[in-house]
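Quick notes on the structure that follows.
Note that these values count all heavy atoms, side chains included, but never hydrogens, waters or copies made by symmetry.
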Amino acid sequence: MSHNDFLLIYSDVFITEGAIKITIVDPSRGKVFELPKSFSQLIHDLKKCPISEVRLLYDDNLDPFIQFILENDLGMITSTPKQFPDIDRSFSSPEYINNAILDFYPSESYDVYGTRLQKLDNLGCKFYEFRMYLSLDLKIIESIFKNVQFNSLKSINIHSIHSSESDNENYIRILRNFPFIKRIFIFNSDSNSRIKSKEIMDDQRLYYLTDKLDNKSCGKVSFHNLFIRSTEQIVENISHNSCLHKKISVDSIGNIRNCPSMVESYGNIDDNILPTIINNTNFTKLWDINKDQIEVCKDCEFRYLCTDCRAYTERTHYNKYNIDISKPLKCGYNPYTGEWSEWSLNPLKKEAIKYYSIEK
């Protein structure tokens with residue numbers, strides 16, 4: 001190692017400082033590393049100065065950290081760090097709507113759902129979540145998609161309910177016939193399991209869950225559902241709301257909301273006023289409320305990885321525009337102690353839990 005060597009942490013590795021810890025996130029490999037906050041200054045010094053100078057400050061503590069970075073392929077040694085500029089971390093996307101949640105209930109005709117999908121596709125929507133409060137069947141899926149010409153679609157996840165009349169074969173057949181359906185989650189099941197099949201593609205999954213399919217069940221934050229989707233997703237989360245940015249929710253009768261769990265409706269998708277709605281400042285007012293503005297979350301090292309639920313909050317803080325900037329109600333993490341606990345048992349959340357009528 002020469003006198004002018006630097007430790008260069010790759011620009012697509014994200015380092016986030018919390019109250020007592022930092023996270024080093026490698027989205028390309030889906031890995032998160034947690035370190036004490038004291039490493040933040042070391043990382044800052046290594047970015048400015050060659051290793052030989054930093055070594056004078058940290059003695060024997062430096063080499064284990066360098067080894068950790070190199071072994072996990074989070075960076076490299078170089079004498080020319082200026083040849084590796086930082087990536088642009090500003091987020092932009094051309095589509096008006098990026099993701100949508102659609103509610104489905106038993107119906108005599110599913111053509112209306114196809115018409116709604118076509119309208120959303122025309123706005124550039126890429127990702128969909130279908131919440132199907134019915135027994136999932138191949139004929140229903142075929143009926144929904146028969147007249148839709150997708151141009152923007154990347155993936156669809158389906159949430160449905162368990163039925164004794166349905167079986168693995170039926171769900172596998174749906175996945176096989178529609179490769180853009182990436183996940184099927186069957187709720188109200190007897191046990192939690194993932195079904196594997198050689199008949200479907202490697203990126204498709206079928207899950208059974210004991211959880212109830214219910215709008216009030218969303219917004220849960222735990223270490224196991226911290227999402228590391230991509231560099232683009234983290235960049236978006238840094239600047240915008242990680243749950244609601246460019247999102248739309250359409251219930252079974254066509255009413256448009258920011259989220260299925262929210263009360264306020266902004267119109268009906270069947271009335272052909274969708275472009276007007278998505279340009280309504282009331283509809284988009286939450287899109288840019290990022291985690292750096294949310295109380296408690298702004299001090300959390302995981303803040304760019306989790307979903308920021310605005311439907312269920314602790315109802316304790318509001319900004320000057322009277323927008324709720326309270327911590328998500330269903331998060332049990334305390335960034336000031338670094339400990340996870342069961343959120344529903346926290347006595348400080350009791351009033352909010354009662355307000356939302358989610359005592360169970």
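At a threshold of 4.5 Å between non-hydrogen side-chain atoms, the residues V296 and Y336 count as touching. Side chains of N290 and S242 form no contact here, defined as non-hydrogen atoms less than 4.5 Å apart. Proximity of F84 to T80: side-chain heavy atoms (C-beta onward) are separated by under 4.5 Å at one or more points. Using a 4.5 Å cut-off on side-chain heavy atoms (C-beta onward), I278 and Y266 make no contact. For the pair M132 and I158, the minimum side-chain heavy-atom distance is below 4.5 Å. At a threshold of 4.5 Å between non-hydrogen side-chain atoms, the residues T16 and V25 do not count as touching. Counting only heavy atoms from C-beta outward, the side chains of F185 and L213 never approach each other to under 4.5 Å. The closest side-chain heavy-atom distance from T78 to L7 is not below 4.5 Å.
Centroid-to-centroid, the aromatic rings of F180 and Y128 stay 6.0 Å apart or farther. Ring to ring, F223 and Y333 are not that close: their centroids are 6.0 angstrom or more apart. You'll find the ring centres of Y304 and F14 outside the 6.0 Å limit. Here the two rings, on F187 and H162, have centers that are 6.0 Å apart or farther.
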Evaluation steps, salt bridge (charged side-chain N to carboxylate O under 4.0 Å, His left out), between R55 and E53: CA-CA 5 Å; R55 192 182 301 282; E53 292 183 20; over 6 Å; no

Test salt bridge (charged side-chain N to carboxylate O under 4.0 Å, His left out) applied to D26 and K31, step by step: CA-CA 5 Å; D26 181 1; K31 292 183 177 180; over 6 Å; no

Residue pair N258, W287: steps toward the side chain to side chain contact (heavy atoms under 4.5 Å, CB included) verdict: CA-CA 9 Å; N258 291 116; W287 284 13; 4.1 Å; yes

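Looking only at distances, no side-chain donor or acceptor of N280 sits under 3.5 Å from a matching main-chain atom of T276. No donor-acceptor pair closer than 3.5 Å links the side chain of K327 to the backbone N or O of T313. In terms of modelled atom types and a separation under 3.5 Å, the side chain of K349 and the main chain of C331 share a donor-acceptor contact. Under a 3.5 Å cut-off, the side chain of T316 and the backbone N or O of S326 do not form any donor-acceptor pair.
Residue F127 is not grouped with residue L153 when hydrophobic side chains (ILVMFWY) are merged at heavy-atom distances under 4.5 angstrom, including chains of intermediate members. Residue F39 is not grouped with residue I20 when hydrophobic side chains (ILVMFWY) are merged at heavy-atom distances under 4.5 angstrom, including chains of intermediate members.
The residues K291 and D308 are annotated as salt-bridged, a charged nitrogen and a carboxylate oxygen being separated by less than 4.0 angstrom.
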